[in-house]
A.B. asks: 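Before I ask anything, let me first share the structure, which is written out below as structure tokens.
Convention: sequence-line order gives letters A, B, ...; per-chain numbering from 1. Because the structure is predicted, anything quoted here is derived from the model rather than measured.
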Protein chains: 2
Amino acid sequence: MKISKTLTDIVYLKIRDDIVHAVLKPGSKLKIEPLRKRYDIGSSPIREALSRLCSDGFVAIKGQQGFSVVEMTKSDLIDVTNTRILIENEALKLSIINGNDDWESSVVAAFHRLSKIEHSSADDNNQDLEKYNKIFHDSLVSACNSNTLLKFYNVLYDQHKRYRNLAREANHIKRNLHAEHADIYEAALAKDVKAVCQANENHIRKTEEVVLNFEKDEWL
Amino acid sequence: MKISKTLTDIVYLKIRDDIVHAVLKPGSKLKIEPLRKRYDIGSSPIREALSRLCSDGFVAIKGQQGFSVVEMTKSDLIDVTNTRILIENEALKLSIINGNDDWESSVVAAFHRLSKIEHSSADDNNQDLEKYNKIFHDSLVSACNSNTLLKFYNVLYDQHKRYRNLAREANHIKRNLHAEHADIYEAALAKDVKAVCQANENHIRKTEEVVLNFEKDEWL
DNA sequence: TGTGAATTAATTTGATATAATACTTATCAT
DNA sequence: ATGATAAGTATTATATCAAATTAATTCACA
């Protein structure tokens with residue numbers, strides 16, 4: 001059997017990525033014809049990708065009035081933050097309870113890899129930071145044994161990432177990401193559920209704290 | 001401005017309903033041509049509706065091999081049950097904390113309406129039971145003030161309903177649904193968060209209990 | 001303001017191209 | 001000769017495109 005990604009799959013990931021990185025701006029209309037040109041494909045794959053993104057919560061649809069990027073608002077940030085903490089902490093808890101030695105070593109490996117990137121001070125390493133940050137968080141919840149939690153976790157991770165990208169650009173507060181990750185890491189290896197959840201909540205709430213204190217002109 | 005539902009919207013709800021009621025069987029392939037005939041529309045609205053259902057977790061897609069109804073399995077039932085309890089209990093908690101008098105009276109009204117149906121012993125009232133059951137549960141969580149939780153709640157409610165329909169048909173255990181609802185209702189009005197969560201968990205776990213004890217031939 | 005043509009854009013259809021599956025036939029080792 | 005496997009062919013179904021339809025929006029004019 002041949003392996004083959006469909007155009008819909010490809011454009012789904014591209015549009016999702018462009019929304020998360022605010023290349024496609026919150027609230028902006030997603031007209032089919034411009035998207036066709038932008039991604040150089042027909043309207044069907046575009047529409048199918050947008051349909052999936054609707055259920056994921058990145059795109060809104062209004063009957064007969066087309067698609068648009070969902071807005072970013074303070075109340076949405078609060079909602080996404082709280083729900084992400086609920087979901088991710090539950091997944092962390094289960095992962096610690098169920099995790100075997102393979103899980104543990106995958107966490108060790110991911111933390112080590114991420115730490116290296118965090119300490120390197122190259123200017124163009126944001127791509128890598130994003131990538132290995134996700135791999136680290138993925139490894140932590142990977143033993144939770146719940147497809148539903150993992151699905152919600154992935155959606156909320158990227159929804160939250162939209163706000164994180166805002167916070168990073170503004171970059172008021174000096175943030176020690178490595179220390180935050182180390183807190184989670186230590187507690188996870190110690191299998192201390194309560195401490196992991198606390199560290200993870202602190203980590204997630206940092207973004208909320210920064211972005212909620214934005215001045216008007218820093219907000220979109 | 002005119003109000004107008006798109007064909008995609010309509011067929012999305014129909015297919016979702018047919019999956020929840022096992023008219024479209026778990027694991028079965030969802031070929032476009034038969035669905036076209038069944039719902040009497042073109043392929044695009046069908047494919048867009050199926051794309052949304054993918055992200056909702058009712059439909060699976062494999063690149064170049066089309067759509068299919070997601071399987072029902074014991075491990076999925078356990079997963080959906082646990083996650084639904086997590087989400088719905090959180091929503092209940094927030095609803096009780098935030099709920100004002102309007103919320104309270106909407107709960108009273110919904111409970112009263114549901115009770116009437118539960119006590120009537122007409123044979124063809126399953127449609128109505130489903131409807132007012134949902135309205136009652138909706139009213140309980142309606143003041144939670146979290147769109148994300150409500151979205152997840154709605155998805156999990158229907159995913160769980162697939163199993164509930166199995167349980168209802170088999171109907172081994174005599175189940176006093178009214179008493180279960182009354183427990184939730186009393187605790188909600190008393191604003192007793194802990195009791196509401198316990199009553200809601202009991203309610204949800206009844207289905208799990210029944211279905212997990214099925215013999216092989218009762219399972220799909 | 002309100003009404004109605006003109007324009008733009010969304011939705012839907014039907015047709016085409018491409019990939020997966022089923023089926024047939026041919027090949028080879030035992 | 002027989003059974004297993006591979007290669008090629010026919011069939012079916014998916015994914016995609018492009019055109020047609022229908023609804024929403026804009027704009028001119030009353």
A.B. asks: Is there a donor in the side chain of A:D56 and an acceptor in the side chain of A:Y12, or the other way round, less than 3.5 Å apart?
C.D. replies: yes

A.B. asks: Side chain of A:Q64 only, please: which of D:dC17, C:dA9, D:dA23 is the nearest?
C.D. replies: D:dA23

A.B. asks: Between C:dG14, C:dT21, D:dA18, which nucleotide has the shortest distance from any of its atoms to the side chain of A:R36?
C.D. replies: D:dA18

A.B. asks: Compare the minimum distances between each of C:dT12, C:dA10, D:dT14 and the side chain of A:I32, then state the nucleotide with the smallest one.
C.D. replies: C:dA10

A.B. asks: State which of C:dA10, C:dT13, D:dA15 makes the closest approach to the side chain of A:T6.
C.D. replies: D:dA15

A.B. asks: Looking at residues at least two apart in the chain, or sitting in another chain, which of them share a side-chain hydrogen bond (donor to acceptor under 3.5 Å, both in side chains) with B:D18?
C.D. replies: B:R38, B:Y39

A.B. asks: Distance check needed: C:dA15 C1' versus B:E33 CD, whole Å only.
C.D. replies: 12 Å

A.B. asks: Looking at the side chain of B:K29, which of D:dT14, C:dT13, D:dA18 is the nearest nucleotide?
C.D. replies: D:dT14

A.B. asks: Which of the following nucleotides, D:dT16, D:dA15, C:dT12, is nearest to the side chain of B:F67?
C.D. replies: D:dA15

A.B. asks: Looking only at side chains, do A:D76 and A:Y163 share a donor and an acceptor under 3.5 Å apart?
C.D. replies: yes

A.B. asks: Among the candidates C:dT12, C:dG14, D:dT14, find the nucleotide nearest to the side-chain atoms of B:S43.
C.D. replies: C:dG14

A.B. asks: Between B:L7 (CG) and C:dT11 (P), how many Å, whole number?
C.D. replies: 11 Å

A.B. asks: So, OP1 or OP2 of C:dA19: does either fall under 4.0 Å of a side-chain N or O from B:Q65?
C.D. replies: no

A.B. asks: Between A:R84 and A:F152, is NZ or CZ placed under 6.0 angstrom from the six-membered ring centre and within 45° of the ring axis?
C.D. replies: no

